[in-house]
Amino acid sequence: MARRRRGTGASTYASLWRLRGFVRPYRLQMVVMLLTAVAAVAASTLIPLVLEAVVDGPIQHHDRAALVPMFFAALGLGIAEAVLIVTRRRVQAVAIQHVERQIRDDLYARLQRLAVEFHDRWQTGQLLSRATTDLSTIRRFFGFGAIYFIVDGLQYAVVMALLFATYVPLGAVVLVTTLPVIWLAKRFGAGYSLVSRRVQDQQGDLATITEESATGMRVVKAFGRAPLMQERFGTSARTLRHSSLELVRLRARFWGWLTLVPNLTMAFAVLVGGIAVAKGFLSIGALVAFTSLLVLLQFPIIDLGWILSMAQQAATAADRVCEIFDAPQTVADRPGAVTLGEAKGRLGFEHVGFHYPGSDRPVLRDVELAIEPGETVAIVGLTGSGKSTLAALPTRLYDVTSGRITLDGVDVRDLRLDSLRRHVSVVFEEPILFSMSVRENVILGRPDASDQDIADALAVAQAGFVYDLPWGLDTRVGEQGLSLSGGQRQRLALARAVVARPSVLVLDDPLSALDVNTEALVEEALARVLEGTTALLVVHRPSTVALADRVALLHHGVLAAVGTHHELMERPEYARVLAVAQDAGPVR
Ligand SMILES: Nc1ncnc2c1ncn2[C@@H]1O[C@H](COP(=O)(O)OP(=O)(O)O)[C@@H](O)[C@H]1O
Ligand SMILES: [Mg+2]
């Protein structure tokens, strides 16, 4: 499967155009921004015309009285321009921040809906850089680039028209000297877009390295690999610097040309204008107005540099963001998916086969297993035999690639995901806690749980230690909070799974991080939970196996045997797996 994390070609503006929907609610603000910008341009364009009138009128005729109203006219225009610019900026700041927030919200929602398979493939840093830097780039474009593109285009057209109106030959000179800019801009845009994509991808790489070394800090330190990580970071940062400099060089070269063009134009205009004045075709005032207008023309031309680079960067950013919006939502509600009210909790695996996306190697083959309501089935197998994969399928973290899994006889893919996940709860090998209070962590899957529910769940999971934390249930845990031991985290994860009172409980080796004493306590509690609940329990220690009504032996993705613990003890491979597990510690 193609990994669409890296751009391959130049960006077109198609993705950026698609994002216009986010701007649509702010149509009114955009119109205000545009109108104020246009009015500001008009004010600044009128000033040279006032200048012309001053030179040809009061100055020529030494008419001081006429000078005063003209002074006020120029002053008024100047103030009007300033007020208009401030107004536009204020409207713009508010509207565009909303647009950015909306895109970010949608992006986040999308990331939440995308299947685990997507997150397996994408580096965190690439997602981070899209949700931060790329969105800011897009915001800047919609806020400034797009507006100025229109305003500058308009200014160019108006000034050009005025120049032609003043004196046609001079207008023609200016038009001819500014035309090569279009060709320059086209050439620049194509090259810039490629490098800009590279820079943005490399920013994502750098974010990934930073994120990885931050989360793996203990390992890095314990193994004394800080210098190695430093080296990796340095290499990545150097690569990014290299590409960024390339971008700067491209921009500098283009801007060099852009500044040269108006200067050359000015030189020609003064030459042609001087001759015209000498020959009496043009008044001095008109020439003054003309040169002032030419100065105004500089802005659209020089702006073109940053507008184009901003547009290119925004186009690239939009491509990168749309890659997430376009990622296929592989695990989603089917049309007509149903909600299951009460579930008895019969879990069926029917000829289930599975291979991970992007790999042809089957991890599970023809798994056939029916777990009756209330029954507990233990899955036992060597490392890599596919136990965790099997545990990920009932809640549709991945979809089976052949066969089907049923809940009360209904294919889980025909159930609404929220309904399915309310009935089936999982405890993972890695107990992840979020930066929230203990309470919020426990009720994650059931926000409406009562205090009694929480207390019961904590009791079942033998997680009474939380009452001894500094703020009890309100103690903040997770990355930004109090650090808990592996065993404590595992017990909270267990409490989180049982507080939702699921009909089916999937436990992927939930006791692996517990010490022997706590394990005995949790096992005792688990026995109570498992009583009324259908459970799929990945285990390794014989004592935990005893909690199960039946045991299924998984060998290289195939169910080699299913039966009671005593029945299976007859089989040498079963005894061997248990022995290995016993020696090697947790089966992972
Ligand atoms: N996200 C994944 N992508 C690709 N292959 C995977 C993924 N997770 C596990 N595997 C592979 O699937 C096989 C079974 O893994 P797993 O279900 O974790 O086994 P167990 O839990 O029994 O140790 C292993 O060969 C492993 O390399
Ligand atoms: Mg495992």
Distance only, no hydrogens: is a donor on one side chain within 3.5 Å (strictly under) of an acceptor on the other, for Thr339 and Ser419? no
Quick one: pull up CZ in Phe254 and OG in Ser309 and give me the separation to the nearest 0.5 Å. 8.0 Å
Please identify each residue that fulfils salt bridge (charged side-chain N to carboxylate O under 4.0 Å, His left out) with Arg89, with sequence neighbours left out. none
Less than 3.5 Å apart, any donor N or O on the side chain of Gln203 or Thr133 sitting next to an acceptor on the other? no
Any side-chain donor paired with an acceptor under 3.5 Å for Asp474 and Ser437? no
Contacts of type side chain to side chain donor-acceptor pair (under 3.5 Å), residue Ser15, not counting sequence neighbours: Asp319
Which residues pass the side chain to side chain donor-acceptor pair (under 3.5 Å) test with Thr475, not counting sequence neighbours? none
Smallest separation among heavy atoms of Arg104 and Ser136, with atom names: NH2-OG, 4.4 Å
Any donor and acceptor pair, going by atom type alone, linking the side chain of His119 with main-chain N or O of Leu111 inside 3.5 Å? yes
Looking only at non-hydrogen atoms, find the nearest pair between Thr265 and Val261 and report the distance. OG1-O, 2.6 Å
Just grab all the side chain to side chain donor-acceptor pair (under 3.5 Å) pairs involving residues 213-230, residues at least two apart or on different chains. none
Please tell me whether Tyr26 and Gln102 have a donor and an acceptor in their side chains that are separated by less than 3.5 angstrom. no
Modelled atom types, side-chain donor and acceptor of Gln97 and Arg101, under 3.5 Å: no
Partners passing side chain to side chain donor-acceptor pair (under 3.5 Å) against Arg232 (at least two apart in sequence or in another chain): Glu212
Among pairs that include at least one residue of residues 141-157, which meet side chain to side chain donor-acceptor pair (under 3.5 Å), considering only residues two or more places apart or in two chains? Arg88-Tyr148, Tyr156-Thr178
If we count only N and O atoms by modelled type, under 3.5 Å, do the side chains of Ser129 and Arg320 hold a donor and an acceptor together? yes
If you measure from CD on Gln312 to CG on Leu16, what distance do you get to the nearest 0.5 Å? 10.0 Å
Could you verify whether a donor N or O on one side chain and an acceptor N or O on the other, from Thr239 and Gln202, lie under 3.5 Å apart? no
Flag for Ser196-Gln200: side-chain donor and acceptor within less than 3.5 Å: yes
